[in-house]
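Structure, as structure tokens:
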Amino acid sequence: QVQLVESGGGSVQTGGSLRLSCAASGYSYSSVCMAWFRQAPGKEREGVATIDIDGRSAYADSVKGRFAISQDNAKNTLYLEMNNLKPDDTAVYYCATRNLYCSGTLLAGGRFRYWGQGTQVTVSS
């Protein structure tokens, strides 16, 4: 019903910046909350940020002050601006959506209905 396609990943040096995009299509319902997750090899999936259609957002402590989540509803696109990147940010980044509010909370991945395929972010020293 819903397709999410991430893009913008790549390799960057420590301290660099990267902007991820997630294009959504094929909605059968109105998306209420969208989110970014990441997963490094051998580690659990980690919530990065959420944003509701009213603009309310939430961030993981590890990325606060460095990452910014935003959306362009007219373009059905979600963004993640990543600044001052660190090697620990290296992971596959996924976007996800659900038809309920996140309400300023970083929800677990199981709460989200649709997922993209992921885009690799590699931060080197």
Kindly check if the number of other-residue, nucleotide or ligand heavy atoms within 6.0 Å of CZ (R111) is above 12?
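Count not over threshold, so no.
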Applying salt bridge (Lys or Arg N to Asp or Glu O under 4.0 Å) as the test, list every pair that has at least one member in residues 38-55; sequence neighbours left out.
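Qualifying pairs: R38-E46, R38-D89.
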What distance separates [X] [atom1] from [Y] [atom2], expressed to the nearest 0.5 Å?
X: S62; Y: D88; atom1: OG; atom2: CG; result: 9.0 Å
X: M34; Y: L78; atom1: CE; atom2: CG; result: 4.5 Å
X: Q3; Y: N76; atom1: CD; atom2: CG; result: 11.5 Å
X: F112; Y: N99; atom1: CZ; atom2: CG; result: 11.0 Å

Within one Ile-Leu-Val-Met-Phe-Trp-Tyr cluster: V12 and V63, side-chain cutoff 4.5 Å
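As far as the 4.5 Å side-chain criterion goes, V63 and V12 are connected within one cluster.
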Tell me whether L80 is reachable from L4 by hopping between hydrophobic residues (I, L, V, M, F, W, Y) whose side-chain heavy atoms are closer than 4.5 Å.
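Result: yes, single cluster for both.
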Can a donor-acceptor pair be found between the side chains of T122 and T90 at a distance below 3.5 Å?
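There is no such pair between these side chains.
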Is there a side-chain contact between L85 and F67 (heavy atoms, below 4.5 Å)?
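Of all side-chain heavy-atom pairs linking F67 with L85, at least one is under 4.5 Å.
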Do the side chains of V121 and L20 get nearer than 4.5 Å, heavy atoms only?
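The answer is yes, as the side chains (C-beta and beyond) meet within the 4.5 Å cut-off.
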Residue pairs fulfilling disulfide bond (SG atoms under 2.5 Å apart) with at least one residue in residues 31-81, sequence neighbours excluded:
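Every disulfide bond (SG atoms under 2.5 Å apart) pair that includes a residue of residues 31-81, provided the two are not neighbours, is C33-C102.
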Considering all heavy atoms, the nearest [X]-[Y] contact:
X: T77; Y: A23; value: OG1-CA, 4.4 Å
X: Y59; Y: A68; value: OH-CA, 3.3 Å
X: A91; Y: A40; value: CB-N, 3.8 Å
X: S125; Y: P87; value: OG-CG, 3.9 Å
X: Y94; Y: G116; value: CD2-O, 3.6 Å

Do side-chain atoms of W36 reach the backbone of Y79 as a donor and acceptor pair under 3.5 angstrom?
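Yes; at least one donor-acceptor contact below 3.5 Å.
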Under 3.5 Å: donor-acceptor pair, side chain of R98, backbone of R113:
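Judged by distance alone, no pair lies under 3.5 Å.
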So which pairs with a foot in residues 6-18 pass side-chain hydrogen bond (donor to acceptor under 3.5 Å, both in side chains), sequence neighbours left out?
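The answer is E6-Q117, S17-N83.
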Residue from L107, V32, T50 passing side-chain contact (heavy atoms from CB on, under 4.5 Å) with Y101
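One option only clears the test, and that one is V32.
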Over 60° means perpendicular and under 30° means parallel, so classify the ring planes of W115 and F37, tilted if in between.
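Rings of F37 and W115: tilted, as their planes differ by 30° to 60°.
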